[in-house]
Every structure is written in structure tokens, then in C-alpha cells.
Amino acid sequence: MAMLMARTEKKAPRQIAEILVAQLRQQEGLWENIEIAGPGFINFFLKATCWHDVLKQISVQGKAFGKGTVGAGKRVQVEFVSANPTGPLHIGHGRGAATGDAVASVLCEAGFEVQREYYINDAGNQMDTLGRSIYLRYCQLQGRDLEFPEDCYQGDYIRDYAREVIDQHGSRFLEMDEAEAIAWFSREGGESIRQGIDTDLQQFGIRFDNWYSEQTLYDRDLVKDGIEALTRDGYTYEQDGAIWFRTTDFGDDKDRVLIRSNGATTYFASDVAYHREKYQRGFDIVIDVWGADHHGYVPRMKAVLAALGRNPEDLQIILVQLVNLLREGEQIAMSTRAGKFVTLKEVVDEVGKDACRFFFLMRRSDSQLDFDLELAKKQSTENPVYYVQYAHARVCSIQRNAAESQVTLPGDDEVKLETLTLAEELQLTKTLSRYPEVVVGAALNYEPHRITFYLQELAAQFHSYYNQQRVIVDDLDTSRARLYLVNAVKQVIHNALTVLGVSSPEKM
RNA sequence: GGCCCCGUAGCUCAGCAGGAUAGAGCGAUCGCCUCCUAAGCGAUAGGCCACUGGUUCGACUCCAGUCGGGGCCGCCA
């Protein structure tokens, strides 16, 4: 402050600080002390009573502590996962899922009105490939000798599904016209896989508010409308028999095809329609969570926004880097094409939902993540999930113990907070007071990992306090005040873990 | 060739409109259970924040370039 003013005031920062401090000191009651440090920093020391108010706030607000209003009720849509319904979710999708869900939660906490949406790519020719893959496996299982093409989906789940169809429908598809049969397999198989994805996500603690089918964009002529709208505004042209969108007008390095020379629309064309429709549904901000391998698509989507006459900032794209799956430090090789990959379900079954989600949120989303299955399972200090959850369980344990000793949690009006005189207690209280700001920061920057880091810091301070001091001591007022403090710690840990989609166990 | 991300302690990573001696976890070494869960705590060692310039009173943070690592660039989805 003083240093910022140094330039305009033409005075030494230190001198300005002196003047400011003299003024500030007139305010009685707030400050414990104010001092000048270094080149002109002004340090404020709030009176302990100011900090004690924080503990009361936490007690009074409970689950609502941390909820803010910066979102101002703005409507936000978070679209994430959106994996093609051609196979089960793999571990890479898991990170996008955990990130998208946590971003949605943290925005909600910050006062935005949030919708979670899954976009189903059920219109392209990959659905046809899916139908054909199942159909061919089906034929094979019925004893037909045929070669399974390389461009078909190789995964075992295709064969499993074909077997299921045989159980339910027998051999009736063998007689049917091939195209008709494939269409059936495509539709029914896709829906079955989609349901499987939904089930896996629910096991992972994620529920979408809306599943949006790409096909419906075509059924409702929205793709056509989208292209027409762009054409009307002069952003398209024809070349080599194709229709192009001049995305270079808006900073893209290359124009993009909307309708191919064979008459088929591109995936990009449905994306135009899809995003156009999102804003028509009234969302102020739209967030897409993508795998980092799609980063090249950012400029063209921003171009869509610009062409629609919207601020490109209204579309936020979160790029999630891929996950390196390890076991005991050894990388686990995966290949989607060969159908050899570790599914999200397998990992959740093995390490549990909590560890899985926490691990995905331990790094900022745009940095690569090593996920060691053995580490995630470890119930030790090396595993940060247990570290944080353990802090919560410990408070619960203290509370059980207090109950046995007839020490009860004091009411907000009777608690004698002045007995909390220790430096660690003040420190803990300060950390608790930061939680709402952490939520705001995480929301405004779409960075849920900030919550994860905050939790680890809070847990560390609590564990340290626990090891130095006993909550239940001889003096009743002190015991009860400390109980009040650790209860606040428990509340904030619970609130933060909830945002991340991780449970807070009472006992471990 | 064009574009994007990354380069901070041995390892994995934080560092929030630029601010005071740069942080955490793991790993290493040494300690701590007659005591509310040792799934914990304390202490020690360990860093030209890749490099070079620029902006600034001040740069790990912003800008340009260099080097090193990774990724993306289809009338595929």
C-alpha cells in the first residue's frame, strides 16, 4: 500500500507508512498492534476477539460456512466426461469426471447456479462402427466363421454384450437384413453402454442433471439452423464442394469445414449447434471439460462464440491432462485401440471412490498426474486422503471421548473463547477463517485443487495441535472451548471434503 | 513448419490482480505412545525457482528470446 503510493506521493514508502499507521491507530478496539516492516509493509494484528467471531460463524452456519455470493446466481453449465457411448469409461475419463464434478460443486458453493451435463456423441459413424462390432461378434458367437476387422472395437465388452443379446434374443438377428440388424445393435448397444457409464459414474459419486443427445440436434434441425445462422452473418463460404466456417476471422489458424463435400456434416458442425443451443437455454457461462489432447479445438470454439456475438470468455474450457497409471512405481501400459485399458470402475473398485477422487484433484488439471494404485490404497501417512480424513475422524473420536467425560459442546453464547490463548489455537482459527476465500478463489479460477491443498494444510495444523495439546483438560471452560474449536475444524473439513465429493468418516 | 502446456529441494508438486528470509508431501537421518486413534507429531539435511534479456521501487510470478521435456495440428469422431 505505502509502496504503491510512493510514486504518486513522491515520498519514501516508509514515511507514508508512518502516516497511515498513525491514522489507523486511532481506530480503537480492532487492532492488537500495527507495525511497519521492511521497506514499508504495514502489518496488522487483529485482536483475538475478531478471530473468535470466526469460530462462532462456523458454528452458526454449519454446512453453509464457505458458501458465498460471488456467483450472484449466475447460471453456469458444466459439461464434462461426454465420452462416446462406444465403450466403458477408462481411468483417463475419471480425472475429467472428478474435475468437472468438483468444479461444478465449487461453483455452486460460490453462489452460482450450476447444471451438470453429459453430451452423448450418438450421431457420428462411430455408432455405426459400434453396431457393426457387436453384430460381428454376435455372428461369431453364433458359429459363423469370419474375420473381425481391425477398425472395429476390440474390447471384450463388445463380446460380452453380444452374448447378452444371444441370451435375450437368440439367433433372430442372423436372419434379419444386415443393415437393419446393425442399426438395432447400434441403438441398443449404445444405450446399454451409456447406462453402464451412468452406473459407473454413480458409483464414483457423480450424477448428471442432464444427458444431452447429439442426435437430437439433428432431429430438431438445430445443426442446419446453426450453419444457416453463420451463413446469414457471412461467416461461411464454399470451396472444393465443402462448406467452411471462417474461424480465422476470430483468431483460429485455419478455417474449418462444417459440411463435407460428400454432404455429411462434421462433428464441429454439431458443436456449433450444441453450443449455440446452450446459450439459448439461458446459461451465462458455459464450461467444457476436455482432455488436453483436444486443446487444438479451443480457438475454433472461441470463434463460434465470437460469431454468435458472445464474449468468448463466456465459454471456459478446462483442459485435463492425461493420467499415468502406476502400480508400485511401474507404469501400466494402455491402448484404447486394442481395447486394453484400465476402466474407471476397476480403479474405483480397487482403491475406493474417496481415494480415487482425491488423487485426481491433487494436481492442477493442466499438469500431468501420476496415479499410483498401491499408494492410493495405502492407509498410511504417505496417502494424503487418509491424512485428511483421519483429521476428521480424530475430532469425532475426541467428541466421543468428551461425551464419556461429561464434557459437552458449549452453545454459541456460553462458550468462553478467551480461554483459547495458545498460538496454535489462533493459527488454526486463522486457517479456518480462510476457507471462504479459498472457495471463491477455486471457483473463479476453476481450480478445485486449491481445496485439496487447503485441506491438507488444515489437517496438518490440526494434527500438530492434537499432538501438542489435549482437548479435554482439567479446566472445564478450557475443555469446552477447545471442543468448540475442534468442532469447527471438523465442520470445515467436512464442508471442503463434500465439495470434492469425498466422504468424511467418523471413525477409521 | 504452426500452435499449446510444462521446466521450483533427490522424487511428486503448491505458490492465490508481482511484494518481506521460496513452501508441502514423499524419500533420507535422528527423536516422540503410563496420555482424547503413532493411519499421528517434532527436529535435521536438501533450492543461481532451466537460461538470457526487458518492464518495475521490487519478478518464481508479467513480456520477449534461447535451451530442454511432453502434446496437438484431417472434408475422423
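Reminder, nothing fancy here: chain letters follow the sequence lines and each chain counts from 1. The structure presented is a predicted model; accordingly, all values stated were derived computationally and were not measured.
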Just the dot-bracket of RNA chain B, please: which string comes out with Watson-Crick or G-U pairs under 3.5 Å, [ ] for crossing, | for another strand? (((((((..((((.....[...)))).(((((.......))))).....(((((..]....))))))))))))....
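The side chain of A/V471 approaches B/rC36 more closely than any other nucleotide in the set B/rG15, B/rC36, B/rG2. When distances run from any side-chain atom of A/A242 to the nucleotides B/rA77, B/rC13, B/rC75, the shortest one goes to B/rC75. Distances from the side chain of A/W244 to the nucleotides B/rA77, B/rC5, B/rC75 place B/rC75 closest. Taking the side chain of A/R363 as heavy atoms from C-beta on, and the options B/rG2, B/rA14, B/rC36, the nearest nucleotide is B/rA14.
When side chains are defined from C-beta on, A/T247 does not count as touching A/P299, because their heavy atoms never get closer than 4.5 Å. In this structure the side chain of A/R187 never reaches within 4.5 angstrom of the side chain of A/M127, judged on heavy atoms.
Judged purely by atom type and a 3.5 angstrom limit, A/S479 has no side-chain atom pairing as donor or acceptor with the backbone of A/I472.
Across the protein-nucleic acid pair, A/R364 atom CZ and B/rU8 atom P stand 14 Å apart, rounded to whole Å. Rounding to whole angstrom units, CZ of residue A/R450 and P of B/rG23 are separated by 19 Å. Summarising the geometry, the separation between CZ on A/R132 and P on B/rA77 is reported as 15 Å, rounded to the nearest angstrom. Distance CZ (A/R300) to C1' (B/rC4): 13 Å, rounded to an integer number of Å. In this entry the distance linking CZ of A/F268 with C1' of B/rA77 reads 14 Å, nearest Å. Following rounding to the nearest Å, A/R246 (CZ) and B/rC75 (C1') show an atom-to-atom distance of 17 Å. Summarising the geometry, the separation between CG on A/L258 and C1' on B/rC75 is reported as 11 Å, rounded to the nearest angstrom.
For A/D255, there are no salt bridge (charged side-chain N to carboxylate O under 4.0 Å, His left out) partners, not counting sequence neighbours.
Contact annotation: side chain of A/S261 to base of B/rC75, donor-acceptor pair present below 3.5 Å. Counting atom types as modelled, A/Y466 pairs no side-chain N or O with a base atom of B/rA38 as donor and acceptor under 3.5 Å. With hydrogens and angles left out, the side chain of A/Y390 and the base of B/rC41 share no donor-acceptor pair within 3.5 Å.
Within the cation-pi definition used here (under 6.0 Å to the ring centroid, within 45° of the axis), A/R132 does not qualify as a partner of A/Y135. Geometrically, A/R434 does not engage A/Y454 in a cation-pi contact, judged by NZ or CZ lying under 6.0 Å from the ring centre and within 45° of the ring axis. Figure legend: A/R256 and A/W244 shown without cation-pi pairing, the cationic atom not lying both under 6.0 angstrom from the six-membered ring centre and within 45 degrees of its axis.
In terms of phosphate contacts, A/R394 brings a side-chain nitrogen or oxygen within less than 4.0 Å of OP1 or OP2 of B/rA38. For the OP1/OP2 pair of B/rG71 and a distance below 4.0 Å, the side-chain nitrogens and oxygens of A/Y297 include no atom meeting the criterion. Put simply, A/H463 has no side-chain N or O that comes within less than 4.0 Å of OP1 or OP2 on B/rG25. Not one side-chain nitrogen or oxygen of A/T266 sits closer than 4.0 Å to the OP1 or OP2 atom of B/rA77.
Comparing B/rU8 with B/rC51, their C1' atoms are spaced 14 Å from each other, to the whole Å.
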Under 4.0 Å protein heavy-atom contact, by nucleotide of nucleotides 29-34 of chain B - B base, S sugar-phosphate only: ------
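Under the 90° criterion around 0 for the glycosidic angle, B/rC33 counts as syn.
Taking the six-membered ring wherever Trp is involved, the centroid distance between the rings of A/Y297 and A/F268 does not fall below 6.0 Å.
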